[in-house]
Structure formats: structure tokens, C-alpha cells
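Heads up, the thing below is written out as C-alpha cells.
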Amino acid sequence: MKRMFELSPMTASALNGGGKVVALESTVIAHGLPEPANIETALACETAVRSTGAVPATIAILGGRPVIGMTEDQIREVASNKDVAKVNLANLGSVVSSGSWGATTVAASLHIADLAGIKVFATGGIGGVHRGAGQSFDISSDLTALARYPLITVCAGAKAILDLAKTLEVLETCGVPVIGYGTDELPAFYSRSSGLKLDLRADSPSEVARIALNHWKLGLGTSILVVAPVPAADEIPADEIAGFIEEALAAASTMKVSGKAVTPFLLARIAERSAGRSLKANISLLKNNAKIAGQIAVEIASHMQPAGDRSYNSKDDQ
Ligand code: PSU
Ligand code: MN
């Protein structure tokens, strides 16, 4: 059967050479950030990954074909084309069938990255349990994907528009370890602190790698979620951002925004009301996460067998 995805030559050679690859998503480019910040940030995240010695592989669906490792021109196209679907696990097959364009969420990016054997992925904030989920049942398929695919996912926590405590509960139910990166609490995306304590903490890429490798060697097949706080200079303290979030949630409810449109609507509204401060924090944390993911990918690759067999434990076990 013909392979269902396309690997860029750089990604393919990095995977064959031991796997120093960081997968990056594209929904944040097409639906999460305004132009031209989206293009600049996507390219800056790739640069941040390269600065660590790892290879960035941004993922999207181009004319029905999942591509891992987009060119700069392809990134520009996804960033500026208004006709790009937001792709999660439920519509990936249909977007491929119709030959259309799609930006991949955390969920779809994890799935496609796993098809290629990539072990590390970076994003801004994962999707999770929406506030009021008791009524709406709106829970992101990002959580399903984290429960299903064995990658290290680096993020700044779940997006602050969500119910963070419930999101943490579901992650635990799914068996996804949540590791504070240099912190003892769950970061809240725009803010460094949420008040929610974490059981697990790591202060270096090698500590993350050790936990991940043991997790997978034990046969546990989920993602490892590494949560890194937004850099201090760009954070918006929780009590300052809370008002903007409440206002955006109220507007979404009045305007009856639902389904996949909820997250992009809220992010855009908060950026507008905070006079761009939330945008600055979002860009800063995306670059920070990409860099940490690169450092972790370099560490993980040092434990893997080059070429062919990319099983995580083969080198250590010989
Ligand atoms: N993080 C950001 N901006 C975003 C997203 C994450 O900083 O736009 C995207 C991610 O692609 C994530 C998606 O997977 O939002 C979640 O959407 P939903 O809640 O509809 O599942
Ligand atoms: Mn949703």
C-alpha cells in the first residue's frame, strides 16, 4: 500500500540518523494566530528547534496529502490560505479523501507524527476540557490523542480558556504523565502559575528522557506531557488575564459560537481585548516550547538506534 504521508528529505534523513526530530502543529498557524505573526512565529519555532541541533517537522495536509516537514513556502501558504480546515482525529480521513487543505491540531499532528516514528512534539497549549463541559460535553480530541500516541509533547499547559483542573483529571484518567518542567505546578498558558500542583517534575532534558523511556519500556503507550511555563518577561499574571477570559467566554456564549470555532474565537477575542499582550505571551511560549522540545529530542535520540530500528530501547538494551 502506498504510504499515506510525505516526509521531507531533511526529516527522513534525521529520522534515519537517530531521530533528532521535533514535530510541530499547524492549527496554531492557520487558526490560532493572526497574520503576519502566524508566519513569523511558525518560522521562529523552526529556528528554535534548529538551534538545539534537532530538525523541525511542521505538519499539515496539503491538497489531501499529510506532509511532515513543510517547506517555508508551504508554511506561508497554510498561514495565508483562508480555506484551510481545522483537522482533528475525526475529520482527518475526510480531508484527505477530498484532497483539501488542512491545518493539524495537536491531536491530528500527534497521529501523523507517530505514523513516521517521531518521538517529540511541541505546541503552545493543548486542548482539553472546556468550561461548562458538563453541559456542552466539549472535550478536545487532543486528550484522546495524548492517551493514544507515545510522544513527548511539550506545551505551556492547557489553554487558559479551559477548565484546567478538569483537564488535569482527564489526563490522569488517560494515564498521561504530566511533568512540570522546572515547576511544581501546572502552568496556565499566558500565566506561569495556575495554583494546581503537579506530582511530577523534571529540571533537564535528560530527566524527561529517563521518565519517558521507562514509561514506554514498561509498555505504557501514551504521550508524556511536559509543561513549561511561559518565559517570565512575557507572562500575564492569572488575575490580570482572568477578566479578558471571562469576557471572551461570555461573548462566545452570547454569539452562540460552538464546536471547532470556540478555541480560535476565544484566542482572537482575548488578543484583541488585551491589546496584543496575550499574543506576545502566546508567541513567546511557542518559541520556548519548541526549543525545549529540541533539547529533549537530541537527548532522546542519543538513546535510540540509528536507521531502521527506531525502537526507543534497542541501543540501551544491547
Ligand atoms: N495552542 C495555541 N493556539 C492554538 C492551539 C493550541 O497556542 O490555536 C490549537 C491546537 O492546535 C489545539 C487546538 O490542538 O487549538 C485545540 O482545539 P479544540 O479545542 O477545538 O480541540
Ligand atoms: Mn472542541
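Fair warning: this is a prediction, and the values are worked out from it, not measured in the lab. Ligands are counted one by one from 1 in listed order, and the atoms in each one are counted from 1 as well.
With a heavy-atom cut-off of 4.0 Å, T105 touches ligand 1 through backbone and side chain alike. Contacts with ligand 1 closer than 4.0 Å are made by side-chain heavy atoms of L267 only, the backbone lying farther away. At a heavy-atom cutoff of 4.0 Å, ligand 1 is contacted by both the backbone and the side chain of V106. When heavy-atom distances to ligand 1 are checked against a 4.0 Å cut-off, H130 comes that close only through its side chain, counted from C-beta outward. When non-hydrogen atoms are compared, ligand 1 lies under 4.0 Å from the side chain of N282 (C-beta onward) but not from its backbone.
Checking side-chain atoms of T58 against main-chain N and O of M70 turns up no donor-acceptor pair under 3.5 Å. N282 contributes no side-chain N or O that, together with a main-chain N or O of S278, makes up a donor-acceptor pair within less than 3.5 Å. For N88 (side chain) and A108 (main-chain N/O), no donor-acceptor pair under 3.5 Å exists by modelled atom type.
Here the heavy atom of the protein found nearest to atom 17 (O) of ligand 1 is K86 NZ, 3.2 Å. For atom 6 (C) of ligand 1, the nearest protein heavy atom (residue, atom name, distance) is G125 O, 3.0 Å. Of all protein heavy atoms, the one lying nearest to atom 8 (O) of ligand 1 is G32 CA, 3.3 Å. Distance from atom 21 (O) of ligand 1 to its nearest protein heavy atom, with residue and atom name: S140 OG, 2.7 Å. Ranking protein heavy atoms by distance to atom 5 (C) of ligand 1, first place goes to K159 NZ, 3.2 Å.
Here is the list of ligand 1 atoms found below 4.0 Å of a heavy atom in T263: 15 (O), 17 (O), 18 (P), 19 (O), 20 (O). Counting the atoms of ligand 1 from 1 in the order shown, those under 4.0 Å from a heavy atom of T27 are 9 (C), 11 (O).
At least one heavy atom of D142 lies less than 4.0 angstrom from ligand 1. Ligand 1 is approached by E25 to a heavy-atom distance shorter than 4.0 Å.
Under a cut-off of 6.0 angstrom, the local environment of CG in D83 is sparse, with at most 12 non-hydrogen atoms contributed by other residues, nucleotides or ligands. Other residues, nucleotides and ligands contribute more than 12 heavy atoms inside 6.0 Å of the NZ atom of K197.
Of the options V28, N88, V129, the smallest heavy-atom separation from atom 2 (C) of ligand 1 is shown by V28.
The pair E246-R273 does not count as a salt bridge, with every side-chain nitrogen at least 4.0 angstrom from each carboxylate oxygen. Taking 4.0 Å as the cut-off between side-chain N and carboxylate O, R192 and E235 do not count as a salt-bridged pair.
The N, O or S atom of D138 with the smallest distance to the Mn ion (ligand 2) is OD1.
Residues D234 and K280 approach most closely at OD1-NZ, 3.2 Å, considering heavy atoms.
S141 and T144 are not linked by any side-chain donor-acceptor pair at a separation below 3.5 angstrom, with hydrogens and angles left out of the test. Looking only at atom types and distance, the side chain of H215 has a donor-acceptor partner in the side chain of T222 under 3.5 Å away.
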